[in-house]
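The structure appears right after this line, and notes come after that.
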Amino acid sequence: MSFYVAGTGSALPEKVVTNNDLTEFLDTSDEWIRTRTGIERRHVLTSERLDDLAIRSAKTALQDAGVSGEELDLIMCATMRADTFTPSLACTVAEAIGSTAPAFDLNAACVGVLYAMEIADSFIVAGKAKNVLIVSAEAMSKLVDWTDRSTCVLFGDGAGAMVVRAGEGRLSGVLSTKPDSHVIRMPNIEGLNSPYNKIAQEPLAMHMDGGEVYKFAVNAMGRNIEEACTRAGIGPADVDWYLPHQANLRIIDASLKKFKIDKSKVLTNIADCGNMSATSVMVLLDQFAKKGTFKKGDKLLFVAFGGGLTSGAVIITWNKE
Ligand code: ACO
């Protein structure tokens, strides 16, 4: 007994910013961004709140699964930046959907949803949960320096959710880290007016060594795919749909190249959404589920990498009713 995905949802900010829009205040071009990353536009928060998007996506996923807030046994939110430190985003969602289930946020950067899926599996296998809500919401536009063209053009904002339920579905999972505190770094805020704190505030924006991340990503995604397939007792060619983290089309192509996979099996939304960190695979899942792409029994492989440096892969069979 493990879990299957019983429902999905997503919500994106209304404001769409194209690559050309960015050239109004940055020394960049549509051609540079498109050819280096595959990104054409992204959704960006303006006057909406991130927690409202998270709640909307959660309600859609619950409705899709036919589950009420009261029937949930656990709520997890994968996020690097909720609107509030406390309450957690998970507690804010719980309040909105009428749930008293244990609720907490987790931060594994872009791999957060895969971490949450593995934790859900552990709760369900241990008999501690039957219905688990996993939400992911990221406001990347509030974490970058909008004068730094090497990072701000890469990201987008959004929210997504899935309900996973006890049953047959998950085939395998692998999570790993290659600890490195410099390659991707995003400092947190210090408290105010402490007479004791002697640590100077680091600049409050993302720093990234793009080339190093690129090398790590290609290596980690390939390794995690192989390991997850081995654990599931299948080969990469047996996977029906690949749902990779949407950071860069060239990273996706390079990490899958050695498996000689038919490109039509590799799902992407990076052109329209950019990199939404942990939320990318969740929105990807919902968009293609709603299009009717997945048939019962299809094998789906999620693979992701992110700050930490974290990485992982999870394989499930699509058994949604
Ligand atoms: N527009 C124009 N020029 C730019 C831009 C831009 N937006 N950004 C950087 N440049 C310039 C740089 O200044 C540099 O110029 P220089 O050579 O004169 O110094 C040059 O472009 C660098 O070009 P390339 O080396 O060709 O860039 P590369 O092909 O390495 O692509 C990129 C850069 C897209 C960042 C790539 O390295 C990458 O995708 N890395 C992985 C990033 C990633 O995945 N991040 C997400 C993980 S973290 C998370 O998801 C939370």
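In what follows, residues are counted from 1 in the order of the sequence shown. Whatever order the structure lists ligands and atoms in, that order sets their numbers, starting from 1.
The salt bridge (charged side-chain N to carboxylate O under 4.0 Å, His left out) analysis of residues 188-205, with sequence neighbours excluded, yields the pairs Arg185-Glu202.
Counting the atoms of ligand 1 from 1 in the order shown, those under 4.0 Å from a heavy atom of His245 are 50 (O). Taking every heavy atom of Asn248 and a limit of under 4.0 angstrom, the matching atoms of ligand 1 come to 34 (C), 38 (C), 39 (O). Residue contact check: Phe305 has heavy atoms under 4.0 Å from atoms 44 (O), 47 (C) of ligand 1.
Residue Met186 places no heavy atom under 4.0 Å from ligand 1. Ligand 1 lies less than 4.0 angstrom from a heavy atom belonging to Ile251. The shell of residues lying under 4.0 angstrom from ligand 1, judged by heavy atoms, includes Cys110.
Contacts between Thr37 and ligand 1 below 4.0 angstrom, taking non-hydrogen atoms only, involve the side chain exclusively. The part of Asn275 lying near ligand 1 is the side chain, judged by heavy-atom distances below 4.0 Å.
Across His245, Arg42, Glu138, a single residue satisfies side chain to side chain contact (heavy atoms under 4.5 Å, CB included) together with Asn275, and that is His245.
For ligand 1, one of its N or O atoms has an N or O atom of Gly210 under 3.5 Å away. Residue Thr28 has at least one N or O atom closer than 3.5 Å to an N or O atom of ligand 1. Considering backbone and side-chain N/O of Arg250, one or more are found under 3.5 Å from N/O of ligand 1.
Annotation: atom 33 (C) of ligand 1 to nearest protein heavy atom, Trp32 CH2, 3.9 Å. Atom 24 (P) of ligand 1 has its closest protein heavy atom at Arg36 NE, 3.9 Å.
The salt bridge (Lys or Arg N to Asp or Glu O under 4.0 Å) check on Arg41 picks up Asp272, with sequence neighbours excluded.
Nearest-heavy-atom check against atom 13 (O) of ligand 1 across Glu212, Arg149, Glu31, Lys215 picks out Arg149.
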